[in-house]
Amino acid sequence: MRSRTGTSRPGATRRAVTAGGAAVLVLAPLLTGCSSDPSDDVRDAAQAFLDDWSAGKTDAAAGRTTDPAATSALLEQTATDLPDATLTAHLGGVRVDDGDATVDWQATWDLAAAPDWSYPATLSLTDGDDGWQVVSAPTVIHSGLGDGQHLELTRTLADRAPITDATGAPLFTETEVVNVGVDTGKVTDLAALANGLAAATGVPAAEITTDVQAAPAGQFVPVITLRRPDFEAIRAQVFDLPGAVFPTSTRMLAPTSRFGLALLGRVGDATQEVLDEATGEDGKPLYAAGDSLGLSGLQRAYQQQLAGTPGFTVTAKSTDPAVDDPGAVLGSVDPTPGTPVQTPLVPALQNAADAAVAGQTLATHLVVVRPGTGEVLAVSSNQAANPASALSGQFPPGSSMKTMTATALLSAGTLTPDTPVPCPGTLTVEGREFENEDQFDLGTVPLIQAFAESCNTTFIQQGLTLPDDALSAAAASYGVGSDWQLPVGIFSGDVPADATGTTKAADQIGQGQVLMSPAQMALVVAGIASGTPAAPVEVVGAAPSGSAPAGPSAAVLDQLRPMMRQVVLTGTATALADRGEVYGKTGTAEFGSNTPPDSHGWFVGYQQDGPQGDIAFAVLVEAGQSSSVAVSVADAFLGALG
C-alpha cells in the first residue's frame with residue numbers, strides 16, 4: 001500500500017529539473033506489490049470497516065478510521081440508541097479522487113421488535129500513512145446525523161383491533177384504570193402500608209413488602225390495577241396511606257372484569273412468556289417489553305392479528321438533554337394495524353349469565369351454546385371461580401350424565417320412555433352399594449319417570465346390561481372425547497370404553513371415571529336440542545374445530561327430549577317450569593375424600609323459542625352439595641332474559 005507522499009502513482013509522470021532549469025517529463029516507473037487500481041484498496045478498506053462494525057467489533061472498526069477514539073464513542077452510542085439491533089451492509093460504487101475516496105453502501109438495521117430500517121449511505125475515506133482510512137464523522141452512521149447528535153428510536157404500535165360480539169360490535173374499549181402502587185421514597189411504615197393495601201385489595205401483605213424492599217428508593221412498585229369504580233370502592237381505605245400512590249392510565253378492557261373472561265382473555269403489559277411466543281416467520285420477536293398485549297384467551301391466541309405489527313421512527317437529536325431539540329426524522333415505518341376478531345358472543349346472554357353466577361358465593365360457571373351451530377354464546381364464571389374451568393375444567397358430571405346413559409339405552413332398542421323399570425332405594429354391584437338420594441324408592445315406574453326423578457339405581461341396573469363400550473359410544477355421538485382444535489381449549493370429556501364392574505356402574509350416573517367440562521355438557525344438550533350435534537365455534541369464520549359429531553338417531557332423540565322436558569315439569573327441576581319451554585337434567589356429583597363426600601351441583605338444559613331463540617346451557621356450582629343450587633342459577637339466568 002502506498003502513502004500519500006514519497007511514492008509516485010503508477011502511470012503518472014514526474015517532473016525533473018535540469019541544471020539549466022529546464023523541466024523535462026520523466027515517465028514514472030511501475031511499482032510492484034500494489035493494486036493496479038486504487039478503487040480496489042478503497043473497497044477493501046471500506047468493507048473491512050463495515051465488517052467489523054456489523055460484527056459488533058467497535059474497537060476494531062474504529063481503528064480503521066482517522067479518529068479511533070471519536071469513532072468508537074460514536075459506534076457505542078449508536079449501539080445504545082438502537083438496542084439489540086444488527087447491521088447488514090452492502091457496498092456499492094467507489095469513487096477515487098487523488099488521495100480521497102467515497103464509497104456508497106446500503107445500511108439495513110434489523111431492529112428489535114420493529115421492521116428493518118434501510119437507507120443509502122456513504123463513507124468518506126482518505127489515503128493516509130497507514131493506507132486508506134474511513135474519515136471519522138457522524139455521517140458514518142447516517143448522512144443526516146450531525147455533530148453533537150445521536151439517534152433516537154421510537155417504536156409505535158397501532159391501536160389494538162377489537163374483539164367483537166356476534167353483531168360485530170367491539171367488546172373491548174379504552175377504559176380508565178387506577179394503578180394502585182407504592183412510591184418507595186415516601187414510605188414511612190412499610191408494615192402498616194402493606195397491611196392496609198392488603199386489606200383493601202386482597203394482595204398478600206408479604207408480597208407487597210417483598211416487592212417494595214427489592215425496589216430502589218423513589219421507584220413505583222405496582223400492587224394492583226383497578227377500574228375506576230372498583231378503585232372508588234376502596235379509596236377511603238388506601239388513599240391516605242403514606243407511600244401509596246395512584247397514577248391513572250387506560251387499558252383495553254371488556255365491559256366488566258368477568259365478562260367472557262375465560263374466552264376473551266385479558267390485555268395488559270406483556271410478560272416474557274407472551275413475548276417469547278409472539279414471533280414472526282423468521283423467529284424474530286414482534287413485540288417488546290412495555291407493549292400492551294393479550295395475556296390470555298382470544299386476546300393472546302390472536303395476538304398478531306389484533307395487535308398488528310409495530311412501526312418506528314428514528315430521529316437525529318442533540319446529545320445535550322438541556323437542548324430543546326425536536327429532532328430531524330431520519331427514517332420511519334408506520335405500524336400495521338391489526339384486524340378484528342369476531343366471536344359469537346351475545347352480550348344479553350353474557351350479562352344474564354354473569355348476573356346469575358354472581359349471586360353465588362361458591363365457584364360457579366355457566367356456558368351457553370347455540371343448538372345446531374355449536375357457537376359459544378356466553379362463558380361466565382363468578383369471582384370465586386377459576387374462569388378457565390368453564391371451558392377446560394374436568395369434573396364428574398353426576399346425573400347430568402344420564403342424558404348420555406339414556407341415549408345408550410334408547411339406542412339399544414330394548415327400552416322406550418314408557419317401559420316399566422325398577423327403581424329400588426339401593427343397588428349392590430360386586431359388593432358395592434349404590435343408592436338414590438336419601439335412598440328414595442319408586443318401585444317400578446316408566447323409564448321417563450325414573451329419568452325425571454333421577455333414579456340412580458335404575459340407570460345403573462339398566463346400563464350394566466349394555467356392552468362395555470355402549471356409554472362411551474353414546475357420549476361420542478355428541479362429540480365427547482373429540483380433539484377440538486380451538487384457540488382457547490375446551491375439554492371435550494372422557495368416558496372410558498372399557499370400564500367394567502363397579503366402575504362401569506358408577507360411570508352410568510356420571511361418577512367413576514367419567515369427566516366433563518361445563519362447555520362440553522352445553523354442547524351435548526345443544527346436540528339433543530337440535531338433533532345435529534356440532535363442533536364448538538369460538539371465532540366466527542375460523543377453521544372448523546373438528547368434524548361434526550354423528551349424533552344419535554332422530555328416533556332416539558325424539559324419545560329423549562320428552563324425558564328431559566319431564567324433568568322440568570314434574571321432576572328435579574320444577575323450579576324452571578315457568579321459564580318457557582325448558583328441557584334439562586340435574587346432577588349431583590360426589591368428589592373428594594370427605595365422609596360424607598362433597599358434591600358438585602349441575603343443571604344442563606336448553607330453552608326453545610326463548611327471548612334469545614334456541615339456547616343450550618350448562619351450570620356447574622363447585623361443591624354446591626345439591627343440584628338445586630345449580631337449578632337456582634339456571635332460574636336466575638333465564639329470568640334475566642325476560
Side-chain angles (χ1 to χ4, degrees), residues 258-266 296-298 300-301 345 350 353-354 356-358 360-369 374 376-401 403-404 475 478-496 506-507 509-526 535-536 538 545-546 585-593 597-605 616-627 629-630 633-634 637:
R258 308 296 290 183
F259 189 96
L261 182 56
L263 179 62
L264 299 177
R266 287 194 174 101
S296 57
L298 295 178
R300 183 168 177 173
L345 291 183
Q350 183 67 53
D354 287 347
V357 301
Q360 292 295 320
T361 56
L362 296 170
T364 304
H365 313 276
L366 200 165
V367 178
V368 187
V369 170
V376 178
L377 307 180
V379 180
S380 186
S381 300
N382 65 359
Q383 193 69 38
N386 176 356
S389 293
L391 299 177
S392 60
Q394 302 184 22
F395 303 92
S399 289
S400 65
M401 186 69 193
T403 53
M404 286 166 269
Y478 295 113
V480 172
S482 296
D483 182 18
W484 303 129
Q485 299 298 305
L486 291 160
V488 182
I490 286 178
F491 174 63
S492 66
D494 186 16
V495 181
D507 286 352
I509 58 172
Q511 300 283 177
Q513 297 177 346
V514 175
L515 294 172
M516 295 286 167
S517 66
Q520 185 60 48
M521 287 306 302
L523 288 164
V524 169
V525 291
E538 294 178 342
S545 60
K585 184 67 192 78
T586 55
T588 302
E590 295 180 351
F591 71 96
S593 57
D598 292 319
S599 298
H600 299 310
W602 286 87
F603 180 79
V604 301
F617 55 93
V619 177
L620 166 64
V621 181
E622 296 183 41
Q625 308 308 333
S626 167
S627 63
V629 66
V633 173
F637 166 63

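Keep in mind it's a predicted model, so treat the numbers as computed, not measured.
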Step-by-step side chain to side chain contact (heavy atoms under 4.5 Å, CB included) determination, Thr364 to Val629: CA-CA 10 Å; Thr364 304; Val629 66; over 6 Å; no
Got [X] and [Y] here, is their nearest side-chain heavy-atom distance under 4.5 Å?
X: Phe259; Y: Asp354; result: yes
X: Val369; Y: Pro536; result: no
X: Val524; Y: Val604; result: no
X: Gln520; Y: Val367; result: no
X: Pro396; Y: Leu515; result: yes

I need the [X] [atom1] to [Y] [atom2] distance, nearest 0.5 Å.
X: His600; Y: Gln625; atom1: NE2; atom2: CD; answer: 9.5 Å
X: Phe617; Y: Leu377; atom1: CZ; atom2: CG; answer: 12.0 Å
X: Phe591; Y: Gln511; atom1: CZ; atom2: CD; answer: 10.5 Å
X: Asp494; Y: Ser517; atom1: CG; atom2: OG; answer: 11.5 Å
X: Leu366; Y: Ser380; atom1: CG; atom2: OG; answer: 6.5 Å
X: Trp602; Y: Leu620; atom1: CH2; atom2: CG; answer: 4.5 Å

So, does [X] use its side chain to make a donor-acceptor pair with the main chain of [Y] at under 3.5 Å?
X: Ser296; Y: Arg266; answer: yes
X: Glu590; Y: Asp598; answer: no
X: Asn382; Y: Gln360; answer: yes

Qualifying residues under side-chain contact (heavy atoms from CB on, under 4.5 Å), relative to Pro487, sequence neighbours excluded: Leu298, Ala301, Tyr302, Glu538, Val539
Considering all heavy atoms of both residues, which atom of [X] and which atom of [Y] are nearest to each other, and what is their separation?
X: Gly479; Y: Trp484; answer: O-CZ2, 3.4 Å
X: Ala390; Y: Ser381; answer: CB-OG, 3.6 Å
X: Val525; Y: Ala616; answer: CG2-CB, 3.8 Å
X: Ile490; Y: Ala519; answer: CG2-CB, 3.9 Å
X: Gly512; Y: Ala506; answer: N-CB, 3.4 Å
X: Gly510; Y: Pro397; answer: O-CD, 3.3 Å

Between Met521 and Lys585, does a side chain to side chain contact (heavy atoms under 4.5 Å, CB included) hold up when you go through it step by step? CA-CA 11 Å; Met521 287 306 302; Lys585 184 67 192 78; over 6 Å; no
Just checking, any donor-acceptor pair under 3.5 angstrom between side chains of Glu622 and His365? yes
Set out, in order, the CA-CA distance, both residues' side-chain angles and the distance that settles side chain to side chain contact (heavy atoms under 4.5 Å, CB included) for Leu391 and Val488, then state yes or no. CA-CA 8 Å; Leu391 299 177; Val488 182; 3.7 Å; yes
Could I get the full list of salt bridge (Lys or Arg N to Asp or Glu O under 4.0 Å) partners for Arg258, not counting sequence neighbours? none
I need the full list of side chain to side chain donor-acceptor pair (under 3.5 Å) pairs touching residues 385-399, with sequence neighbours left out, sorted by first then second residue. Ser399-Lys402, Ser399-Ser454, Ser399-Asn456
